[in-house]
Amino acid sequence: MPTLTQETLISQTAALVAEHLERITARFYPLLFARHPEVVAMFNPAHQRSGAQPRALARMVLEYVIARQDPRCADAVIAPAVHKHVSLSVRPEHYPLVGDCLLDAVGEVLGEVLGEPLDAEVAAAWRALYDELAERMIGAERRQYQALAASSGGWQGLRPFQLVARVDEADGIASFHLAPRDGGAILAGEPGQYLGVVAEIDGQRHPRQYSLTSDRDAAHYRISVRRHPQGVVSRYLHDRLEIGDTLLLSPPTGLLTLDQGDGPVVLISAGIGQTPMLGLAKRALAFGRRVVYLHGARDPQHHAFADETAALAGLWPERFTPVTRYSRGGDPALRGRIDGALLDCYLPPREALPSCYFVGPAGFMAEIERLLAERGVAEDRRRHEWFGASQGMAASPG
């Protein structure tokens, strides 16, 4: 924990660090990968190329600096990263590697800005801040690892699973059914959570996270993946993974789970962002809640899980309202997009306190966040999750 003198130095230099934080984090990752190539496989290269990973780190550091005096706020800031780290099996010994490279990046960038080497006392103050952040995250991750391992069917780290079935859901979207090779029980993941999936491709491990689309009480897991033309892992799953092949899985984790209320639920998705919504819809319906299910797809050929949502409508016609919009093709009556006019038609009255969950491409999510805020949906009832690095709404492209 920083001393009082270090707290003063942090306060005096926080604005300067914040101003150049994205530049610092962009400098940090090449340093880390050059010095410690063994950790490269833990990062999605697409998020590095797009800048999403550096932005996500910069955002978390900045928010932590602001929130760190309130333990509950600080825990909320780090929670998404903690869950992602658990899915990646991050260990305490990784933190010093990251800290050395991050603090060197701070020194390099601020030295360039100031035209002189960063003052040693300032550098030490930011090191103390990083150590505090690392200690908080290590503790949170340790508690989560222990809870997962102690749960029925749970485990810690990576566990071998085999592909037992594949189902093509739509053009470019397939579901992969995975059962443990040891034949043991599996942890019942909460609807909306994701699995850490490690594919061994040509001798190298590639970790990813995919939402659970299986029912909570299923005897095996199901993930549903869209094939990206440039996606190393998605192309492997679609093109090369065969029945009986092995993937390594970490236990289900993630924060996009159903709240404890009994009010209506609005689920909003676009494209493959639909994957966490299926479980959330089933759980909400099982609890007697009304569900509005808004989904945008390119066309009927790219509309996955249409039969599953139709079946839910048949089971709960009074409480489940599925609405689909296609950007092209299909019934002209279904042509369009999820916009303010559509939300006005289907959002419950403001006094009904709807809980709204939304997942999709970055621009889509930023737009939905804005539209829900304009319509009076409270911030704590607007729930979302990013596909990759958590960028924050302000960082999303329009």
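Just so it is clear, the values below take in all heavy atoms, side chains as well, and ignore hydrogens, waters and symmetry mates. Throughout, residue positions are numbered sequentially from 1 according to the sequence presented.
- Annotation: ring pair (Phe, Tyr, Trp, His ring centres under 6.0 Å) contacts involving residues 70-111, sequence neighbours excluded, are absent.
- For Trp316, there are no ring-ring contact (aromatic ring centres under 6.0 Å, His included) partners two or more places apart in sequence or in a different chain.
- Under the ring pair (Phe, Tyr, Trp, His ring centres under 6.0 Å) criterion, no residue pair touches residues 103-152, with sequence neighbours excluded.
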Ring pair (Phe, Tyr, Trp, His ring centres under 6.0 Å) evaluation trace for His238 with Phe176: CA-CA 9 Å; His238 276 260; Phe176 301 89; 5.7 Å; yes
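- Residues satisfying the side-chain contact (heavy atoms from CB on, under 4.5 Å) test with Glu132, not counting sequence neighbours, are Met1, Pro2, Tyr64, Arg68, Leu129.
- In this structure Pro96 satisfies the side-chain contact (heavy atoms from CB on, under 4.5 Å) test with no other residue, sequence neighbours excluded.
- A side-chain hydrogen bond (donor to acceptor under 3.5 Å, both in side chains) with Ser87 is found for one member of Arg208, Gln209, Gln193 and no other, namely Gln209.
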Tabulate below the donor-acceptor pairs under 3.5 Å that side-chain atoms of residues 102-111 make, not counting sequence neighbours, or state none.
| unit_1 | atom_1 | unit_2 | atom_2 | d |
| --- | --- | --- | --- | --- |
| Asp104 | OD2 | Arg35 | NH1 | 2.8 |
| Asp104 | OD2 | Arg35 | NH2 | 2.9 |
| Glu108 | OE1 | Arg27 | NH1 | 3.0 |

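- Glu374 pairs by the side-chain contact (heavy atoms from CB on, under 4.5 Å) definition with Arg370, Leu371, not counting sequence neighbours.
- Taking the six-membered ring where tryptophan is involved, the planes of Trp155 and Tyr221 are tilted, since the angle between them lies from 30° to 60°.
- For Glu385 and Lys84, the salt-bridge test fails: no basic side-chain N is under 4.0 Å from an acidic carboxylate O.
- Note on Arg136 versus Asp75: salt bridge recorded, some NZ/NE/NH1/NH2 to OD/OE distance being below 4.0 Å.
- Side-chain heavy-atom separations under 4.5 angstrom define the hydrophobic clusters, and the remaining members of the one that includes Leu158 are Val198, Leu248.
- Counting only residues at least two apart or in different chains, ring pair (Phe, Tyr, Trp, His ring centres under 6.0 Å) contacts with residues 321-347 comprise His303-Tyr326.
- Side chain to side chain, Arg381 and Ser355 meet the donor-acceptor criterion of an N or O pair below 3.5 Å.
- For residues 322-337, the salt bridge (charged side-chain N to carboxylate O under 4.0 Å, His left out) pairs, not counting sequence neighbours, are Asp299-Arg328.
- A search for side-chain contact (heavy atoms from CB on, under 4.5 Å) contacts involving Gln204 returns Ala41, His206, not counting sequence neighbours.
- Legend: residues meeting side-chain hydrogen bond (donor to acceptor under 3.5 Å, both in side chains) with Thr324, ordered by chain and number and at least two apart, are absent.
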